[in-house]
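Notes follow once the structure below has been shown.
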Amino acid sequence: MNRHELLFRFGIIGLLAAVLCFIQPAPAQDVEEIVRKIDELYRANSSYARMEMEIVTPHWQRTLLMNIWTEGKEKTFIRILSPPKEKGVATLRLKTEMWNYLPRANKVIKIPPSMMMSSWMGSDFNNDDLVKEFTWQDDYTHRLIRPEDAKPELLYIESRPNEDLPIVWEKIVGAVEKERILPVWSRYYDEDNRLMRIINYSDVKRMGDRLIPSVMEVIPQDKEDQKTILRYLEAAFNVRHKGDIFSLRNLRSRN
Amino acid sequence: MLRQKRRTALTLLTIFGGFTLAAISIGWSDGTYAYIIDMFTRNRLGHIEIHKEDYLDRPSIYKRIQNYREVGGRINEIEGVDSWAPRIFAGGLASLGDKTAAVQLIGMDPELEETTTGFNKNVLKGKPLAAHPSREVLLGKELAQILKAQVGSEIVLLTQAADGSLANDVFELIGIVDTGDETTDRLGLYMNLGAAQELLVTDDEVHEIIITIHDLKHIDVITNAIRSRLNDPQLDVQPWQVFAKSFYDAMRADQQGMWVMLAVIILIVAVGVLNTVLMSVLERRREYGLLKAVGTRPGQIVKLVLAELFLITMGGVLLGAGLSIVVNWFLSIHGISLPTPISYGGADFTHMYAEITPRSLYLPAITVFLSSLLVGLAPALKAAGTEPAEAMRTF
Amino acid sequence: MWIYVKLAFRNMLRNKRRSFIAGTAIGIGLASLIFVDAVMIGMDRNMIESATSTFLGDGQIQRKGFRRTLQSDLTVQELPWIVENLQKEDIVKHFTNRAMSYATISSPANFSSIELIGVDPDTEKYVSEIDEAVSEGDYFQGNNARDIVIGTKLAEILEVGLGSRVVVTVAQAGTGVLSQELFRISGIFKFGITEMDRGMVFVRLHKAQEMLGIGDDVHSVTLVLSDPSFGLDGDLFLWEKYSRFDNEAIGWTVILPQVEAAFAMSRFSAYLVGLILFGIVALGIINTLFMSLYERMFEFGVLRAVGTRPFGIAQMIVYEAGALAVLSIVLGCILGFLVTYIMAHVGFDFTGIEYVGVTFRRLLYPVIRIRQFIEYPLWVFAITTLIGLYPARYAAKLLPSNAMRRTL
């Protein structure tokens, strides 16, 4: 499949790239507390979102519009609404099994786990991303840093994955808005301290029961003309889902 | 010379026999080597391949040859080229029922492919692809087993098109293919080139052009001719030694051995000639002694010896050349049948063939001439220096 | 009779030069037969090795159906029984266990689909050539479970070097749950074979087993046999013996039928050339013998004249041929042995073709076998004495007066 930049660690929902510690001027909350809050930002027991994924590559550009439902960590349902060629395509994930519905062929095909590791729908996301998450709280070690061009309204945190965790990054540096504890950008480095990727967060909106940056721009640094932009158009968290959303039957329906 | 018939005959026989056998062995080994290479490359890979630069190193759906028909036309004009065929590739998933498998989609022009590689003989069951674009596919036999597919099954294909969109469609399986290469048969899904281009949203472009040539000996010449004819730095033209490198390595080891064997044969022929000529000259010391006694000058004796030698050698070589050409010619047409046929892919090989090559003639000729003259010289000189009395005093 | 034998030898020794020349000529023929036989065995070996010694081995024991899909839950059954019995098999020289699966590997720069292979470094090195192909770093020194060895092409794609972090993801056998582990590049190999340099990744066996969740099970037991040619034998008892418990034991020819086919063809081709060599040597024997015997018809005529009976002459000549054969055999065996022995250690490599990108140069080493020094000498002896019958018959029928009519 295609070789896009790797957005390996991101669940469609937990498309939280880096979220980080937040340190208040007052010696109040400890780092753990802050990190936990950030972890919570995109997490919920269940969720619904309508989002746009714009993929830019040196060879083409596409924007997909889709609806996504999740429940717990093991159930995900995605329906693509646009562009017309992909309209109606749906993906269902239950635990370790995955199915795609292809309206043009009017068939459901089952994707075995070994193929879940390749990229999803040609995007930068692995099928595997539909599940996998690391938490900042449990899996990284953080410290506050002060770069040269530090802005007063931002806090900067450097995070390193804990020993032997299967994370490719050597370190991640993130900038967080002090006031609202919201991510602004994060930068990913390999062990030679090369900047490999930048994720920018912007357009903060209230969605459902929380305030989140609704636009995420993932920009690989070692490739030209390539990026992926995610925009949340609508989102609701901890909602109760109707009936049988996470079912094979639903794949073929028009929802 | 004609007086000592037996001796002459023996010398002649040695030269003639040695030459012929050496010539046949060279013609045979050259012929069969070329034959084996041809069998294994013509079938699937072709003798020469053209790709977009860098494709062989890092394949990508985006590295396509834009003007392949034009390229094909120019290739056809080059002497020694048999035929060419275009292909387009993509990785994807094929699904039947609850079975899904990773596949390599191969789009090809059925007519050109058949002319170039004889692809249709690989079709085990069902029928080959038709010339016009359609929703019909062939599967490699291992792949068909993985999917539990049979002729008539409906296969869903999912892949990413060249414009980034999701490409998917349903296809009918019309035939099952055995190319003899397990990996290919485990991944291969074949469809019409036009249909593949439509699915993959490419223009009339391809990833690969394969070329077969008439005579493998000219591979380098033709490869270079193609390069200069196309004159396009973006196109990478490579012979089979490059893109079938592992096979080449295996064959190369074999060739080494063959060369050693041929060298030994040449050596033995030389020794045989040496020996015969030497003995014949030695045995005639009396004769030379007598000649000297009646006044022949040393120089003349040398000339005599050499002239005789030359005539015999020439005679042997000519006869040998004649016979070996006939034999090699026969072997190149009819070949020798293998004790048990070797099957590979859809084909059964029953014969192996020789070739008449210049090498099979000039190598033995040089050997024979050199050895006989070399050997004739020393004794000739010695004979010239013989004391007549001493020479004649023999029993 | 013995007197003729004695005479034969004495005759031979009388004209030392002539006998020596003749003996050498035939001896060289014999030496060449021995040498070429050794070369042909070497050729066979080389071709087999080019297919098997890199990675495949002479044979493999796997679960039925595994080869097709590489499904992780299809592990080799009754492994302890297999291991125990393989150790007792005389024809199995080495074997090693492997766990294999499709996987993905990712680095900060990229990700790629690969074949993950868990190996036991200590036994693996006798079966495959990975350890020799490592061009940077090392081949599983120490015992760090997070060691990983990848190919040069893959390292390029992933933009990594020694010590870099990579994550390997596999689906666990049976459950399909994805399992990920961190590794650090400990070695980079270069086979010069694109598929391997780009698609294969090696880790320690126990780590692969852990990731795949298969406990102590393995997917393949790969064998090296005591003689490479056994791998060609489709009827070898080994395949049947170990193809039970739902396993299949197969030779490399099942996996690479095209190499076997090419190999069969070139072997046939070589045999024919070998036959031709026989013909040439026979020709050499004929003409050597004829030359040396017919020239001496005068001598034989004299012998007849003084009363030697025809049969006696015939015997003597035949014995002389035999004596010459013995001399030639001695000379030929010595020469043959020397040349073959030297080349068996030096090896042939005169192709002069560029070795860019290839880690190994496979030299051609002739192989000495006892039977070469028994069969071929016997053949030479037989031919020489048989050929000797012609001049013998001629001499027996000779009228002494004809023989003694010397001509110049």
Side-chain angles (χ1 to χ4, degrees), chain B residues 3 6-7 10 13-14 17-18 21-22 24-25 28-29 32-33 36 39-40 58 142 145-146 180-182 186 245-247 249-262 264-265 267-269 271-272 275-276 278-280 282-283 286-287 290 336 338-339 342-344 349 352 395, chain C residues 17-18 21-22 24-25 28-29 32 35-36 39-40 42-43 46-47 50-51 68-69 153 157 192-194 255-259 261-266 268-270 272-274 276-277 279-281 283-284 287-288 290-292 294-295 298-299 348-351 353 357-358 362 364 407-408:
Chain B
R3 271 178 300 123
R6 185 177 291 116
R7 186 184 338 163
L10 269 180
L13 182 68
T14 311
L21 290 176
I24 293 178
S25 58
W28 170 257
S29 69
T32 53
Y33 180 69
I36 297 175
M39 278 303 112
F40 286 89
R58 297 269 271 262
E142 300 291 329
Q145 277 181 351
I146 295 175
D181 180 57
E182 215 192 47
R186 199 156 30 93
K245 193 154 180 312
S246 328
F247 177 63
D249 285 345
M251 292 305 296
R252 205 198 309 158
D254 218 59
Q255 264 303 76
Q256 281 186 2
M258 201 55 113
W259 286 344
V260 170
M261 287 172 68
L262 291 180
V264 169
I265 286 183
L267 180 72
I268 300 297
V269 168
V271 166
N275 179 41
T276 313
L278 187 67
M279 297 239 289
S280 123
L282 282 179
E283 292 302 325
R286 284 195 74 241
E287 216 175 294
L290 199 62
I336 295 188
L338 295 165
I342 296 171
S343 32
Y344 175 61
F349 298 106
M352 299 267 286
F395 187 106
Chain C
R17 180 170 65 179
R18 179 170 59 211
I21 291 177
T24 308
I28 290 183
S32 71
F35 180 64
V36 162
V39 165
M40 276 173 61
M43 275 167 72
N46 253 21
M47 201 154 197
S50 70
R68 209 176 283 151
T69 55
K153 284 240 171 301
I157 294 174
I193 301 171
T194 322
I255 304 177
L256 288 179
Q258 68 274 34
V259 175
F263 175 64
M265 283 193 190
S266 64
F268 177 72
S269 172
L272 221 82
V273 175
I276 292 182
L277 181 65
I280 293 185
V281 172
L283 195 68
N287 90 66
T288 305
F290 277 23
M291 286 293 248
S292 66
Y294 279 111
E295 290 304 316
F298 183 83
E299 201 178 306
F348 286 99
D349 173 34
F350 50 88
T351 51
I353 298 172
V358 179
R362 252 177 242 290
L364 180 65
T407 48
L408 277 174

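FYI, side chains are in, hydrogens and waters are out, and symmetry mates aren't considered; it's all heavy atoms of this structure.
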State, to 0.1 Å, how close [X] and [Y] come at their nearest heavy-atom pair, and which atoms those are.
X: C:V273; Y: B:S29; value: CG2-CB, 4.3 Å
X: C:S32; Y: B:V264; value: CB-CG1, 3.4 Å
X: B:L21; Y: C:I276; value: O-CG2, 3.5 Å

From [atom1] ([X]) to [atom2] ([Y]), nearest 0.5 Å:
X: C:K153; Y: B:R58; atom1: NZ; atom2: CZ; answer: 8.5 Å
X: C:R68; Y: B:Q145; atom1: CZ; atom2: CD; answer: 4.0 Å
X: C:T69; Y: B:E142; atom1: OG1; atom2: CD; answer: 10.5 Å

Exercise. Considering only heavy atoms and a distance below 4.5 Å, find which of C:L277, C:V36, C:L283, C:L272 pairs most often with chain B.
Key: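 Answer, by heavy-atom pair count under 4.5 Å with chain B: C:L272.
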Quiz item: Any side-chain heavy atom of C:M43 within less than 4.5 Å of one from B:M261?
Solution: yes
Exercise. Quick one: which of B:I268, B:L267, B:I24 has the most heavy-atom pairs under 4.5 Å with chain C, could you say?
Key: B:I268
Exercise. Please identify each residue that fulfils side chain to side chain donor-acceptor pair (under 3.5 Å) with B:S25, with sequence neighbours left out.
Key: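 Expected list: none.
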Self-check item: B:T32: partners by side chain to side chain contact (heavy atoms under 4.5 Å, CB included), with sequence neighbours left out
Solution: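 Per chain and number, B:T32 pairs via side chain to side chain contact (heavy atoms under 4.5 Å, CB included) with B:W28, B:M352, C:S269.
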